[in-house]
Structure formats: structure tokens, C-alpha cells
J.: 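Provided herewith is a single structure, encoded as C-alpha cells, for subsequent inquiry.
Sequence positions, counted from 1, serve as the residue numbers for this chain. These numbers come from a predicted model, not from an experiment.
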Amino acid sequence: MDYSDVSTIAAWVTEQGLKGVSEAELMTGFCAACRNAGLPLDRGLALMDTLHPVHEGRAFRWDSVEEVQTEFEYGPTISGEAASNWQRSAFYHLWSRNEREIRRRLGFGDPIDFSLLDTIAEAGHTDFVAMMHRFSAAGTIGEMDCFFSHFATKHPEGFSDHDLAILRKLVPVLGLAIKCIALGRIARTIAEVYLGEDAARQVMEGKISRGKSERISAALWFSDLLNYTKISDSVPPEEIIPLLNDYSEAVITAIHESGGNVLKLIGDGVLAIFKGEVPAETCRAALSAESLLREKLTTLNAARAADGRATTDVYIGLHIGDVFYGNIGSQDRLDFTVIGPAVNEVSRIASMCRSVDLNLLISSDFAAAIPEQQRSALACVGRYALRGVQRAQELYTLDTARLNG
């Protein structure tokens, strides 16, 4: 392999990074190109931490025998077996000592003193090199502060000095391309986690101008917790966040699994929409989410009660109407949400649940939008004037016989 191949491979990696191919495809293509050009690569792995509410990072492995790309996400490495494995790795050695490279000539008597080296040696690899390329503070996001990689060969003589020089030139280019792709993934993750999947998609597509919105018809969901203020005053302070997390998990997953989009978490309250061209279908999805939530709450409350922890219920208001969906706010602080009279109405409907001692109230507009067969499973609970809403309206709840799908 000569230095003209370095320019060719570096150009290919750069192009793929700009195109936004997956990290696994990039790693596979890089290793295969190096091997085809004469670099004796038989194994490669790239690893980078990320910014994600569940995963600590992502890794991408290539093997010349398997010829398949492997990618996997890993969780926190701060405790237990995961922490032990991390602290015995070559990467941890580099990171903790702020070193850029470490090599073990496995076939020539070097110690097998890091995790995975025994497996790599048993597979017939004779030489191993691990690298770390650390980012500056300006280039760091969360725990994503460096790019790790390792490479191994089965060549009888191991890596030559020339081979290592080639890797030292090319690996930073690979790291930059993978970081570029990872940043795009992080941006999408942050947008989805904080805005919701549909709003995030629209923002990532460029809809970030203030006042840019569309008029849509949607089924609206507003829910909150029964007696949250009383519970928060009576339980230990350290129990409040776990309680909110438990019940938020149940509400949000029920909405998402039924095709809805959560737009706002307002303390213990949740605002969500179910979009669609056919009102009957969006209403059916909202009712499906309510039914699914009740199942989740039964399981959750049983588990919390068994642990001696506080339990509660969720009040839900369902409505349907036209809303404006888009960006509202100032030039430098925007919120992607829904506005309109229907949004105010659904929150008022939910708040009426306490007054009538029911955990679900449905507007007359929502009731009128569902098929007549399903509508027969609703029971009218009366006509009510909603605070801040000009017109009084009849409200409904589910009868003891549940709606059929």
C-alpha cells in the first residue's frame, strides 16, 4: 500500500461522511478499502460515546472473515460488570492516561493485559493497535469527547512501521466522518426526545421559522395525575421524580404505541395529538391509547403498591378540532406546538374530571366523530360550562362496556 492509496481512501471516507451513510457502512467500507489496497487488516472496531437518554454510545465492528458489518449500542459503564469491562480495556488505558496509541504484538510475546485481547489472540491475530483521538472542549457534546478505534492483523509479521504510519494518517479522517454522522444522529435524538417524533421531523426538515405553521385537524389528548399536589406534599422529596417518571412512562408509551405524538410535558400533565386525514381514525387511535394506558396503570400500580410506594390514577380529556401546528415564540426561543381554541378546551375538559369524579371525559365533537357503533358505548355525563370557553357542551365517558376496536 502506497501513499497514493491514502489520498484515495481519505477522499472516499470524506465523501461518504458528507453523504451521511451509516457509521457501520463507513467502517466496513474503510476497512475493506484498506485491505484491498494492501494493508493487512483483519479486524477493526470504532467506538464513540453519544448523547442519548438510554445509550452511552455506539460501536461498529468489522471482520475480514465474517465480512458483515456489526453495530451495537452500549449502556452506562459507570457501575457493575460494564464498568469492570471498560476499566480493563485498552480504550480506558488510553483515556485515563490521555495517550493516543497503544500496541500489543500478540504473536511475539507481548502481554495479553486488556479485555478482548485473549479472544483476539485466540482467533489468530498477531498484532493489535488501539488509538484514541480526543476532541477539544468546543468539539465535545456530553460524554462524546473522543473517538476510539482498534485494528488487528493475522499477518505472520504483524503490522509493519509503514502499515502503522498509514493507519495514523487515515484513522483521523475516519473519526471525523463518523463524528459528523454521529452529530446528525444526536441532533435527531435530541429533537425527538424534547419535541416529539413528528415535531422533530418537521424541525429537522427546516421548519424553524417563527410563525411557520399549518392548520390541521387532530384528536387532542390532555391528561394529568390524580391528587398530584397532595401526593407530592406527603411523600419524601426523593420519591417525587421517580413517581412522575413511572406515570409519564405509562402515559407516553401508550400514546406513542397508538400512533400519537406527545407535544408537551407540563408538570404532571401531558398534551398530545393524533394526526390523520380521517377523524374517525384519529379518535379511534386516541381511545386505543386510553385503553392501553389503563392496562399499563393496572400493572404499574400493582408493582408500586407491592413496594409500598404511592399510587395514583390519570385523568384524561379527549377532544377533536382544528389547530395551528408549528413554531411559536421569540426570535431566539421557539416552541413547536399546537395552539387554538380546541387546545384550551381539551385542557378544561380534563380538569372537569375531578368535578365529576371520572377518569375520562370526551367532548361532544369527539363523540360525534367516532362511528355510531362505537358511539353507543359512550355515556353522557351532562352539559357543562368550561372555564374560559364560551360555549357549554355535553361531555361523555366510556360506559362499563368498553368500545370495540
Side-chain angles (χ1 to χ4, degrees), residues 196 219-258 260-274 286-319 337-338 342-364 366-367 378-389 392-400 402-403:
L220 305 171
W221 165 301
F222 194 95
S223 63
D224 57 12
L225 297 184
L226 168 65
N227 293 330
Y228 170 69
T229 301
K230 182 179 179 180
I231 293 172
S232 62
D233 286 340
S234 61
V235 303
E238 60 272 14
E239 277 291 308
I240 296 175
I241 296 300
L243 180 140
L244 281 174
N245 285 341
D246 282 350
Y247 286 95
S248 294
E249 178 76 15
V251 172
I252 293 170
T253 56
I255 292 169
H256 285 171
E257 289 172 17
S258 301
N261 288 281
V262 173
L263 296 182
K264 277 186 176 298
L265 305 180
I266 311 166
D268 62 314
V270 175
L271 172 63
I273 62 172
F274 295 80
L287 287 169
S288 174
E290 189 274 340
S291 177
L292 182 58
L293 173 60
R294 298 304 166 194
E295 295 176 9
K296 292 178 180 290
L297 289 177
T298 298
T299 302
L300 173 61
N301 283 336
R304 289 184 62 88
D307 292 337
R309 306 172 78 184
T311 63
T312 186
D313 196 0
V314 176
Y315 282 156
I316 303 170
L318 296 179
H319 189 30
T337 187
V338 287
V343 180
N344 182 48
E345 289 174 14
V346 73
S347 68
R348 301 306 185 208
I349 291 169
S351 67
M352 283 295 301
C353 287
R354 295 180 178 84
S355 301
V356 298
D357 195 24
L358 292 169
N359 59 22
L360 172 67
L361 285 177
I362 295 169
S363 73
S364 56
F366 188 102
L378 300 182
C380 181
V381 298
R383 187 174 181 83
Y384 295 89
L386 305 176
R387 183 167 59 89
V389 178
Q393 64 173 281
E394 291 183 337
L395 299 179
Y396 297 79
T397 193
L398 289 177
D399 205 342
T400 52
R402 287 288 182 173
L403 286 174

J.: Taking side chain as C-beta onward, heavy atoms only, is R294 less than 4.5 Å from D313?
T.: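 Sidechains of D313 and R294: in contact.
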J.: Please confirm whether the backbone N or O of I255 pairs with a side-chain atom of S258, one donor and one acceptor, at under 3.5 Å?
T.: no
J.: Say you draw a straight line from CZ of R304 to CG of L300; how long is it, rounded to the nearest 0.5 Å?
T.: 6.5 Å
J.: Between atom CG of D246 and atom OG1 of T311, what is the distance when rounded to the nearest 0.5 Å?
T.: 11.5 Å
J.: Any pair with a residue in residues 348-360 that passes salt bridge (Lys or Arg N to Asp or Glu O under 4.0 Å), sequence neighbours left out, goes on the list, sorted by first then second residue, please.
T.: D224-R354
J.: Measure the spacing between CD1 of I273 and OG1 of T337 and express it to the nearest 0.5 Å.
T.: 8.5 Å
J.: Under 3.5 Å, side chain of D268 to main-chain N/O of Y228, donor-acceptor pair present?
T.: no
J.: L297 versus Y247: any side-chain heavy-atom pair under 4.5 Å?
T.: yes
J.: What distance separates F366 CZ from L220 CG, expressed to the nearest 0.5 Å?
T.: 9.5 Å
J.: Rounded to the nearest 0.5 Å, what separation is found between the OG atom of S364 and the CG atom of L378?
T.: 11.5 Å
J.: Taking the side chain as every heavy atom from C-beta outward, state whether L271 and W221 have any atom pair closer than 4.5 Å.
T.: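 Of all side-chain heavy-atom pairs linking W221 with L271, none is under 4.5 Å.
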J.: Hey, does L225 have a side-chain heavy atom less than 4.5 Å from the side chain of L244?
T.: yes
J.: Answer whether the closest heavy-atom distance between the side chains of L361 and Y384 falls below 4.5 Å.
T.: no
J.: Would you check if L226 and N359 make a side-chain contact, meaning some heavy-atom pair closer than 4.5 Å?
T.: no
J.: Could you tell me whether the side chain of L293 reaches within less than 4.5 Å of the side chain of I316, counting heavy atoms only?
T.: yes
J.: What distance do Q393 atom CD and H319 atom NE2 have between them, rounded to the nearest 0.5 Å?
T.: 5.5 Å
